[in-house]
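Here the structure is laid out as structure tokens; the discussion comes afterwards.
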Amino acid sequence: MAEIDKNFMSTYAKVATHDGDDEPIQIWAKDTDSYGGVGSDKLGIWGSVVAVDFDICVADGACIEACPVDVYDWIDTPNHPASDKKAIMAREPDCIVCRACEEVCPVVAVLITDPGDIGTDSGTSEVIEESEETPATPAEAPQESIMATDETTSLFFHKPNKWLGRAKDVLAKEELPTTGIEKAKDMFKDLRKQTLDSLPRGKDYIALVDNEKCIGCTQCVYFCNFASIDMISWDLQARTSQFESKKALILEDTCTGCTLCAFACPVEAITMESRV
Amino acid sequence: MSRTKPYSRTIPHPLFERLIVEDAMNEDKEAWKPERPHEYGYFPGCVDFMDVEVKFTHLNKGDADHASIAAASIKLLNYANIDPLILDMNIFKCSGHDQLWQGQLEVFDALKEHNMRRLKESGIKIITCSCAECYRTFAVDYDLPGTLGIKVEHITQTLQGRGLKFKAPEDVTVAYHDPCRLGRMMGEYEAPRDLIQLVDGAKMVELENNKERALCCGVSSMMYCNDATKAVRRKRLDQGSDAGIDLMLGGCPKCYMHMQCMLNEERMNPEEGHHHDYEMMDLMQFLVACLEEEN
């Protein structure tokens, strides 16, 4: 399966730009021949911080739904074989690097790069903070980078359920009435927008759990895109006995301040606090 | 909608249930009339809300798709020459099963009042549900046969005995997992099994605990999911492995949701050493998958 090239910023060339809502969107292609314009069947990679390989994108809309800050819009690409529309990052500067879209894309067409990493030697040699403590000898350094890539690639590979695939094939043959997905989506969007409007977010903020309110339901653990939440056991004292209870703990290094956990928390135990 | 939730706060509602509560409390007094009269009404339940929720969580690493249960049900009803009125969530609201069982009675009453009014307006004679929980709620808690004279059926009962034919694309060993609401509560064990028998090429085996002694998925009315409930589910999944099945079929979207979630979680954490080499599916999805060869 084709995936977006992780090093496209060094292997691809900038070939054109497209108007975004505020800033222009960079379009990348292997060479000038592999980009033929919006109406063609060669579209290349669009965007820099939020990069989508339009030649892979199948327009299922997962990224549009997942994005907590509404970065994406649809753009019509009538002559492309994979799909006749694509998810364009119209509001790319709004991206909070939560990587929710990267996570949900079924065809791995999305790659999010932290704005701070753009312009530097991208992706190939990520600096690991631990290496500051032990001066990296030439022998150790490549080993560490292998470990880092192992960690990122050892994602969960699912064997698709062929029976469900068959059912979906049969169902796709005729247009069946929908049963309320638009209403559900709108309600989720409204609630998410309220969360976003009411909370500060971004790199300068971190989620914080109030242990008094946390009921240990693990809902936030499932919502976090970075496995940035852990459940920690605490010994608690009740009036008559001692007991152990699990509470959520946000890991400081990997929290991106995307507010998805605060959105998910059923008891409003998570707040967003300034990192400084 | 507001982010302050005045209703019961002690139960960890998933997001979609919070929205169902919000929906219940938004009064909708507008009159509605279906375009033409129908004998059958099909109630899909809250499958779309579940779908949006699992997209946000990491539980959709597999390919869980609850809305396809509703689509499959409609397709099968059409295949059985039934033209149902779709009682979708734009007009109706959730049946309120989970809210009732969680003790949120005011929410349940609001949902019930709305749905009863809509059902009266719809003019249907029979309501069929693909969800065992909706089925029980309509039949017992709404008492539709007694109050509105509407017969309540589970979709397996509607499809049973209509001379349907299915052919599995390949030989497959399946087991039926009895949902608690359909089985122990409503006493319907045979209709789903009869439907599976209609599938040519599907061999049905019984799990160690079946029918009235069936094991539970462990997450009754979305109350809680923790190590204890997961242990219940794992025990059930182990029975599937023991029986050597390829597919476990359920009659309730919640069974599908919870079992599939567990299977996905196990595959995401292979170091824990729990693995079940089969899939969970709703019976409706399975029957639709076996429809293609027929047409």
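Below, chain A is the first sequence line, B the second, and so on; all start at residue 1.
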With no hydrogens and no angle check, is any side-chain donor or acceptor of [X] less than 3.5 Å from a backbone partner on [Y]?
X: B/Asp48; Y: A/Gly180; result: yes
X: A/Arg166; Y: B/Phe286; result: no
X: A/Lys183; Y: B/Met89; result: yes

Restricting to non-hydrogen atoms, name the atom on [X] and the atom on [Y] that form the minimum distance, rounded to 0.1 Å.
X: B/Ser68; Y: A/Leu171; result: O-CD1, 3.7 Å
X: A/Ala167; Y: B/Ala289; result: N-CB, 3.7 Å
X: A/Leu176; Y: B/Asn78; result: CD2-ND2, 4.3 Å

Need one label for [X]: side chain, backbone, both or neither, based on atoms under 4.5 Å from any heavy atom in chain A.
X: B/Ile86; answer: side chain
X: B/Leu247; answer: side chain
X: B/Phe43; answer: neither
X: B/Met50; answer: neither

What's the verdict on side-chain contact (heavy atoms from CB on, under 4.5 Å) for B/Glu279 and A/Leu164, showing C-alpha distance, side-chain angles and the deciding distance?
-> CA-CA 9 Å; B/Glu279 299 285 348; A/Leu164 190 59; over 6 Å; no
Indicate yes or no: at least one non-hydrogen side-chain atom of A/Pro177 is less than 4.5 angstrom from one of B/Ile74.
->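 Side chain of A/Pro177 against side chain of B/Ile74, heavy atoms only: contact under 4.5 Å found.
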Is any side-chain heavy atom of B/Phe16 less than 4.5 Å from a side-chain heavy atom of A/Met187?
->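 Of all side-chain heavy-atom pairs linking A/Met187 with B/Phe16, none is under 4.5 Å.
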Using a cut-off of 6.0 Å, state whether more than 12 heavy atoms not belonging to [X] lie near its atom [atom1].
X: B/Asp171; atom1: CG; answer: no
X: B/Glu30; atom1: CD; answer: no
X: A/Trp234; atom1: CH2; answer: no
X: B/Glu170; atom1: CD; answer: yes
X: A/Glu174; atom1: CD; answer: yes

How many angstroms lie between [atom1] in [X] and [atom2] in [Y], if you round to the nearest 0.5 Å?
X: A/Trp163; Y: B/Asp246; atom1: CH2; atom2: CG; result: 8.0 Å
X: B/Glu22; Y: A/Asp190; atom1: CD; atom2: CG; result: 10.0 Å
X: B/Leu291; Y: A/Asp169; atom1: CG; atom2: CG; result: 12.5 Å
X: A/Thr179; Y: B/Phe92; atom1: OG1; atom2: CZ; result: 13.5 Å

A/Thr218, A/Thr178, A/Ile181: which one forms the most heavy-atom pairs within less than 4.5 Å of chain B?
->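 Ranked by heavy-atom pairs under 4.5 Å with chain B, first place is A/Ile181.
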Using non-hydrogen atoms and a 4.5 Å limit, figure out which bit of A/Glu182 sits close to chain B: side chain, backbone, both or neither.
->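 Neither part, no heavy atoms under 4.5 Å.
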Option in B/Ala71, B/Pro270, B/Ala70 with maximal non-hydrogen atom pairs under 4.5 Å from chain A =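 With the most close heavy-atom pairs to chain A, the winner is B/Ala71.
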Residues A/Tyr222, B/Glu53; criterion side-chain hydrogen bond (donor to acceptor under 3.5 Å, both in side chains); working and verdict = CA-CA 11 Å; A/Tyr222 285 114; B/Glu53 170 114 15; over 6 Å; no
